[in-house]
Amino acid sequence: MKKALSVFCAVLLISVMLVGCNPNADVTADTSSTAKPTTTTTTTARTTEDLSTTFREAQTNTIYPVLVQNKDDSFDYKLATYKTYYDSSNSTRTTNIKNAVKKLNNLVIPSGSVFSFNQVVGKRTVLAGYEEAKVVQGDEFVDGLGGGICQVSSTIFQAVLRSNLEIKVRACHSLEISYVPLGGDATVQWNSQDFQFKNNLGSDIRLKVSAESGTLTCSVYAKEKQNIGNVKVDIKKNGKEYVLTRTVDGKQNYTTYSKYSKPKTTTKADPKKTTTKPVKTTKKS
């Protein structure tokens, strides 16, 4: 009996050793390892429909240090202001805009830090207070959570451009929009497309963002006096492509390209083939 037990244990031990050496064995990683992990940054290029070249800025999933809101310290030097306008009677869109503004107003971006719109604003969900409003999906505008958020990111983009800050990630909508000039928007989508800029001025800055009575405003203030130079932003249409350039003291330091499609149109019924009386409707914005 003892001899048989000894033989069984020996066979079991050999089997365990073989599994440990098998390169195809299912092994759980040792998380207590002291080896230095490899850090990678994943980037993916996106293109608009029928655009042969990729966007010049690529989407990044890098997580940056948390930025905080501070309304107490003095930031006395205004660098730039930009305003856009929205229909305040559209309650759901207005709610979404104001939800984002709450997260962005008085946000401080320390010198050398990067601002990520998605990281600051967070995921647009019902629990976060967001409602359904028109968003771009494919070649049409449909109802979706957080509609209106892109007007906030686009307004900030325009203010940041005029503050001579470094744009890291920006992309245009696939369809034409109207709240900023075509070529001057910055679309965002959770876990897909972000808007990011870096504070490269050498001074902490603070965003002042408000949405009141149909006016969305973003101003950029610096803690220390800054000479950002003579900043000019220009958009020109080149064929079907819109080219935005920023020049500072006559020298170009930023260019971005945009291309848009027309929204999908619905085919109207032939009035001769129906006997239904027309019904008066109110045009939706």
Side-chain angles (χ1 to χ4, degrees), residues 46-51 53-57 78-88 90 93-94 96-97 100-101 104 115 117 133-137 139-141 146-189 193-197 207-220 228-248 250-264 285:
R46 291 165 50 110
T47 61
T48 52
E49 187 178 356
D50 74 359
L51 183 60
T53 57
T54 60
F55 279 115
R56 277 64 173 180
E57 295 87 8
K78 182 187 284 190
L79 303 179
T81 297
Y82 196 84
K83 295 181 179 182
T84 60
Y85 303 94
Y86 61 94
D87 181 5
S88 59
N90 186 330
R93 184 180 175 86
T94 299
N96 294 336
I97 288 174
V101 165
L104 294 159
F115 165 92
F117 187 92
K134 294 300 180 185
V135 298
V136 175
Q137 180 176 306
D139 59 353
E140 59 185 334
F141 289 96
I149 293 299
C150 290
Q151 181 167 351
V152 182
S153 56
S154 297
T155 305
I156 296 174
F157 172 55
Q158 287 293 329
V160 164
L161 272 176
R162 288 159 172 78
S163 302
N164 198 21
L165 289 158
E166 179 187 339
I167 309 300
K168 289 183 65 67
V169 177
R170 173 267 170 188
C172 67
H173 289 79
S174 58
L175 298 181
E176 294 181 352
I177 46 83
S178 59
Y179 43 77
V180 292
L182 290 177
D185 56 321
T187 187
V188 290
Q189 185 176 3
Q193 184 61 58
D194 201 5
F195 165 61
Q196 300 178 7
F197 69 86
L207 302 181
K208 292 290 291 184
V209 190
S210 64
E212 297 293 338
S213 303
T215 301
L216 176 60
T217 306
C218 177
S219 299
V220 183
I228 61 173
N230 182 19
V231 181
K232 292 184 178 180
V233 177
D234 182 56
I235 302 175
K236 292 183 179 179
K237 190 176 182 182
N238 183 13
K240 293 184 178 181
E241 193 171 49
Y242 292 83
V243 183
L244 180 150
T245 57
R246 178 178 64 190
T247 57
V248 181
K251 295 182 179 180
Q252 183 174 313
N253 72 354
Y254 177 73
T255 306
T256 189
Y257 304 82
S258 307
K259 193 173 182 182
Y260 307 90
S261 298
K262 296 285 185 181
K264 181 180 179 181
S285 58

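Numbering starts at 1 and runs along the sequence shown.
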To the nearest 0.5 Å, what is the distance between [atom1] ([X]) and [atom2] ([Y])?
X: N230; Y: K251; atom1: CG; atom2: NZ; value: 13.5 Å
X: K83; Y: C218; atom1: NZ; atom2: SG; value: 12.0 Å
X: L244; Y: S258; atom1: CG; atom2: OG; value: 7.5 Å
X: T187; Y: I149; atom1: OG1; atom2: CD1; value: 11.0 Å
X: T245; Y: D234; atom1: OG1; atom2: CG; value: 5.0 Å
X: E212; Y: T217; atom1: CD; atom2: OG1; value: 9.0 Å

Do [X] and [Y] make a side-chain contact, defined as non-hydrogen atoms from C-beta onward lying under 4.5 Å apart?
X: N238; Y: Y257; result: no
X: L175; Y: Y260; result: no
X: L207; Y: V220; result: yes
X: F195; Y: V152; result: no
X: K237; Y: Y242; result: yes
X: V233; Y: Y254; result: no
X: Q193; Y: V188; result: no

Mind listing the closest non-hydrogen atom pair of [X] and [Y] along with its distance?
X: I235; Y: G183; result: CD1-C, 3.9 Å
X: K259; Y: K240; result: CG-O, 3.5 Å
X: A211; Y: Y86; result: C-OH, 3.3 Å

Sorted by chain and residue number, the salt bridge (Lys or Arg N to Asp or Glu O under 4.0 Å) partners of E166 (sequence neighbours excluded) come out as none

Take R93 and D87 through the side chain to side chain contact (heavy atoms under 4.5 Å, CB included) test and state the conclusion after the steps. CA-CA 8 Å; R93 184 180 175 86; D87 181 5; over 6 Å; no

Test of understanding: with side-chain hydrogen bond (donor to acceptor under 3.5 Å, both in side chains), list the residues that count as partners of N253, not counting sequence neighbours. N164, R246

Strictly distance-based, threshold 3.5 Å: is any side-chain N or O of [X] a donor or acceptor partner for the main-chain N or O of [Y]?
X: Y82; Y: L216; value: no
X: D185; Y: H173; value: yes
X: N96; Y: G147; value: yes

Compile the donor-acceptor pairs under 3.5 Å between side chains in residues 154-163 and protein atoms, sequence neighbours left out, one pair per line.
residue : atom : partner : partner atom : Å
S154    : OG   : C150    : O            : 2.8
S154    : OG   : A186    : N            : 2.9
T155    : OG1  : T84     : OG1          : 2.9
T155    : OG1  : Q151    : O            : 2.7
Q158    : OE1  : R162    : NH1          : 2.5
Q158    : NE2  : G184    : O            : 2.8
R162    : NH1  : Q158    : O            : 3.2
S163    : OG   : A159    : O            : 2.9

